[in-house]
Every structure is written in structure tokens, then in C-alpha cells.
**Student:** 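One structure follows; several queries about it will come next.
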Amino acid sequence: MKLYANRRLDAVSKEWRGWMFNKGELITPNGWRLTPNQIFMGNALIKIGTDNDRVLRAEIMRVARLIRNVPSY
């Protein structure tokens, strides 16, 4: 519940100063709102080293949606 309602991450470490969670989104110090899918896709694109490949992005998003729908036990 605390993470859902404007929870600042300053207490975690110096590197997280200015970051916060609000209603399921990670908010950067400059105000960008990031969803889990955006974070996943951004990290995947960095790992594979591509900048603007539409087909690859579509495949990454498809896999991210499949992962999101996997039931947790």
C-alpha cells in the first residue's frame, strides 16, 4: 500500500534520491512515469544494442505481455 501512494525511494540509497513510486509507476527525478513494460523493453533494447528496430520491439513487447500473464504461485 505504501508503494502505491507516493512512496519516495530516497531511503533506499543515494542513487535513488528523487525517484518515487506512485500508483504502480516508477517516477524519475525529472518526472518521467515508467511502467513495468517500459522498463522491461528499455532494458532489453540496451542489452541487445538496437536503437530503432520495430519488429524486434514488437517481439519484446509480445514476450513481456506473456510474462506479465504468467500466474504467480
**Student:** Report the C-alpha separation of T28 and N30 in whole Å, then their side-chain angles, then the decisive distance to 0.1 Å, and conclude whether the side-chain hydrogen bond (donor to acceptor under 3.5 Å, both in side chains) test is met.
**Tutor:** CA-CA 5 Å; T28 67; N30 60 355; 2.2 Å; yes

**Student:** Check whether any side-chain heavy atom of I27 lies under 4.5 Å from a side-chain heavy atom of F21, and answer yes or no.
**Tutor:** no

**Student:** Starting from L66, can I reach I39 by hopping between I/L/V/M/F/W/Y residues whose side chains sit under 4.5 Å apart?
**Tutor:** no

**Student:** I want to check something: taking the side chain as every heavy atom from C-beta on, are R33 and N22 in contact at a cut-off of under 4.5 Å?
**Tutor:** yes

**Student:** Check the hydrophobic clustering (I, L, V, M, F, W, Y; side-chain heavy atoms under 4.5 Å; chains of links allowed) and say if W19 and V12 are grouped together.
**Tutor:** yes

**Student:** Between P36 and G24, what is the shortest heavy-atom contact and its length?
**Tutor:** CD-O, 4.0 Å

**Student:** Which heavy atom of R17 sits nearest a heavy atom of D10, and at what distance?
**Tutor:** CA-OD1, 3.1 Å

**Student:** Which value, rounded to the nearest 0.5 Å, describes the distance between E15 atom CD and L9 atom CG?
**Tutor:** 12.0 Å

